[in-house]
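The block underneath contains the structure these notes are about, expressed in C-alpha cells.
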Amino acid sequence: MGALHASFYPCPAAASGLCGRRPLHFPDDTMNDSTPALPGTTHLECTATGATFDSEVLWGLSPAGKPLFARYDLDAVRESFTPGAVAARAPTLWRYEEVLPVRDRACQVSLGEGFTPLLESSRLAGRVGVRRLWIKDEGQNPTGSFKDRGLCMAVSRALELGARELAIPSAGNAAGSAAAYGAAAGLPVHVVVPTDTPAPILAEIRALGADLDLLDGLISDCGKVVRQRCDEDGWWDLSTLKEPYRVEGKKTMGYELFEQLGGRLPDAIVYPTGGGTGLIGMWKAFAEMEALGWIGAERPRMFTVQATGCAPMVRAWEQGWDDAGVWEDAATFAAGLRVPGAVGDFLILRALRESGGGAVAVTDHAMAEWVGTMGAATGIFGAPEGGATAAAVPRLLKMGLIRKSDEVVLFNTGSGLKYVGMEPVG
Ligand SMILES: *Cc1c(COP(=O)(O)O)cnc(C)c1O
C-alpha cells in the first residue's frame, strides 16, 4: 500500500479540537467511519504487581508507584501485522501502529520520527574488535535524538485522551522533543531543565514555543517542580516512565532492528542508559515479537553503558542488586546519562540479567575520544552517549561479555550537533 498513515503538522485533529475535546471515556462507535479505529491497547498493567487498569483514561504511575505497561490483544493482529505487511509502509514508527496505543489515526502526530538508518561499518568494527558492527543512527530523528520516539507517542496519546497542557523535566533532549511534538499537536508544553542544559537545546525549546523554566539543580529537582505544577494546575506529566506511552514509542527500535537486519536480531545491543526507556522498550518489543510469531525465544544480549560520574545501573549490576538506588553527585557532559535515579531500574536490571548481558561505565574523556574515532571511521557525528557505546565494546570484549565473533549493534542516540560547546567533566 504505502499510504502515509501519519497526519502531518499541523495535526488536523488538533486544529479541529477533535481529539482535545473527546471525553476521557468514549465508546468505539463514536469513531468517524472514514478513519477506522486501530485496535489500540486492551489495558494497562503494573510492572511490579501485575494489577490491571483501564487504558482509555490517562494514567501516570500505578498505585504501587511503578511504571505501567500497555498491553495489546496480539492474537487478534497476528494474521495482519506481519513483517511482510509492514515492509510496504511509510518509514516512520507509525508503521507499527497495530502494536501502538493510539486508536485514531487523526491523533498520530508525526514529524517523520523513527525508521532511522542502521549503518554497518567494517572500519569501526575493526577499531573496536568485533566481526560485524552496525550503528543505529538515532541522531537522524526530527529533533536530533531518539527522545522523539517516546515523546511522539506520549503526546499523541495524551492528545487522544484529552490532555490540555503538557509538562516535562529533562536533562536536555527530551525537552526539545516535547516542545516539538507539543507544537505539532497544538498543545502547550511547560519545560523545566537545569541551567547547564546545552545551549542548542535551550535555543530549540524557545524556538518551538514551549514555556521554559531554568532551574539550578539536577533533572530530579526539575521533576519535583513539574510534579507539583501537575497536581496544582492539571498539567500532564511526561516524565520518563511516569506515564505508559514513551516506552511504547521507544520500543519501535526493537521492531526496526529486526526489519533492518532482514528478519533477525543481533547477538549484542550496546545502549547508553539513563532512565532506560529504550532498553526496557526494546526488551518489551522482543516479547511481543515472540508472541506474534516473528521470533523465537532467542534474545540479543543487552548491555548498558553509563558515565563513570553517574553509574547507578552499573553499580547495581556489579553488586547483584534488584534496584539501583540513587547516585550521589551525578556528573557527566552526556546529558542523557545524567540520571541519578530511575523509576524503571528493576526493569533495566532484569533485562540485563535475563539476556546474559551486563553493564559498564566509561569516562567522559573516553566518550569524547570515541565520538572522534566513530566519526572519522563512519561519517556519523555522534552524541557523547553514542561515543560511550563504542568506548564500551573493547571493555566488554576484555570482560568476556562480548566475543570477537559477535554481531553488535551500537545505539548512537543523538546528534553531536546538540552538544557543541559542552566539555567532558571529571
Ligand atoms: C535520554 C538519552 C539517553 C538515555 O535514554 P534512556 O532510554 O532514558 O535510558 C541516551 N542518549 C541520549 C542522547 C539521550 O537523550
Side-chain angles (χ1 to χ4, degrees), residues 67 113 116 135-151 153-154 168-178 180 193-194 197-198 200-201 204-205 219-220 222-223 238-243 246-254 269-285 302-307 310-314 324 330 332-345 347-349 351-352 359 362 364 367 371 380-392 410-420 422:
E113 57 293 316
T116 53
I135 297 175
K136 182 72 168 153
D137 189 13
E138 292 291 299
Q140 296 194 39
N141 277 298
T143 75
S145 94
F146 75 156
K147 290 292 192 298
D148 289 339
R149 294 179 185 267
L151 273 309
M153 200 56 56
I168 193 162
S170 168
N173 286 320
S177 292
V193 296
T197 299
I201 297 178
E204 174 183 43
I205 295 165
I219 183 174
S220 39
C222 299
L238 297 173
S239 298
T240 302
L241 286 167
K242 291 187 182 165
E243 58 75 52
R246 279 175 65 179
V247 71
E248 293 301 291
K250 289 268 191 91
K251 85 180 178 190
T252 57
M253 296 189 295
I269 291 175
V270 186
Y271 183 84
T273 305
T277 344
L279 192 140
I280 294 166
M282 284 191 277
W283 196 244
K284 180 174 189 282
M302 309 294 283
F303 293 97
T304 274
V305 185
Q306 297 196 300
C310 181
M313 298 305 148
V314 179
T332 168
F333 81 138
L337 305 185
R338 207 164 56 208
V339 183
V343 66
D345 53 1
L347 299 171
I348 298 169
L349 291 162
L352 299 183
V362 300
D364 276 20
M367 290 182 213
V371 164
I380 298 167
F381 180 24
E385 293 88 341
T389 63
L410 306 183
F411 273 84
N412 175 46
T413 43
S415 165
L417 290 172
K418 298 193 91 169
Y419 296 76
V420 170
M422 300 298 286

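All heavy atoms count here, side chains included; hydrogens, waters and symmetry mates do not. Counting convention: from 1, in listed order, for ligands and their atoms alike.
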Check the pair Met153, Lys250 against side chain to side chain contact (heavy atoms under 4.5 Å, CB included), reporting the backbone distance first and the verdict last.
CA-CA 9 Å; Met153 200 56 56; Lys250 289 268 191 91; over 6 Å; no
Report all side-chain donor-acceptor pairs from residues 412-420 shorter than 3.5 Å, counting only partners two or more places apart or in another chain.
from	atom 1	to	atom 2	distance (Å)
Asn412	OD1	Ala383	N	3.2
Asn412	ND2	Asp137	OD1	2.9
Asn412	ND2	Gly414	O	3.0
Ser415	OG	Leu417	N	3.0
Lys418	NZ	Thr143	O	2.7
Lys418	NZ	Glu204	OE1	2.8
Lys418	NZ	Glu204	OE2	3.4
Tyr419	OH	Asn173	ND2	3.0
Tyr419	OH	Glu385	OE1	3.0
Tyr419	OH	Glu385	OE2	2.8

I'd like a table of donor-acceptor pairs (distance under 3.5 Å, sequence neighbours excluded) in which one partner is a side-chain atom from residues 336-345, with atom names and distances.
from	atom 1	to	atom 2	distance (Å)
Arg338	NH1	Thr332	O	3.3
Asp345	OD2	Ala324	N	2.9

Check ligand 1 for close polar pairs with the protein: N or O on both sides, less than 3.5 Å.
from	atom 1	to	atom 2	distance (Å)
ligand 1	7 (O)	Lys250	NZ	3.1
ligand 1	7 (O)	Tyr271	OH	2.5
ligand 1	7 (O)	Thr277	N	3.2
ligand 1	7 (O)	Gly278	N	3.0
ligand 1	8 (O)	Gly275	N	3.2
ligand 1	8 (O)	Gly276	N	3.3
ligand 1	8 (O)	Thr277	OG1	3.4
ligand 1	9 (O)	Gly274	N	2.7
ligand 1	9 (O)	Gly275	N	3.3
ligand 1	9 (O)	Gly276	N	2.6
ligand 1	11 (N)	Thr413	OG1	2.6
ligand 1	15 (O)	Lys147	NZ	2.7
ligand 1	15 (O)	Asn173	ND2	2.9

For Arg149, check salt bridge (charged side-chain N to carboxylate O under 4.0 Å, His left out) against everything at least two apart and list the hits.
Glu138, Glu256
Kindly indicate whether the side chain of Leu241, heavy atoms from C-beta on, has any atom under 4.5 Å from the side chain of Ile280.
yes
Working note: Leu279 + Met313, criterion side chain to side chain contact (heavy atoms under 4.5 Å, CB included); need CA distance, chi angles, decisive distance, verdict.
CA-CA 12 Å; Leu279 192 140; Met313 298 305 148; over 6 Å; no
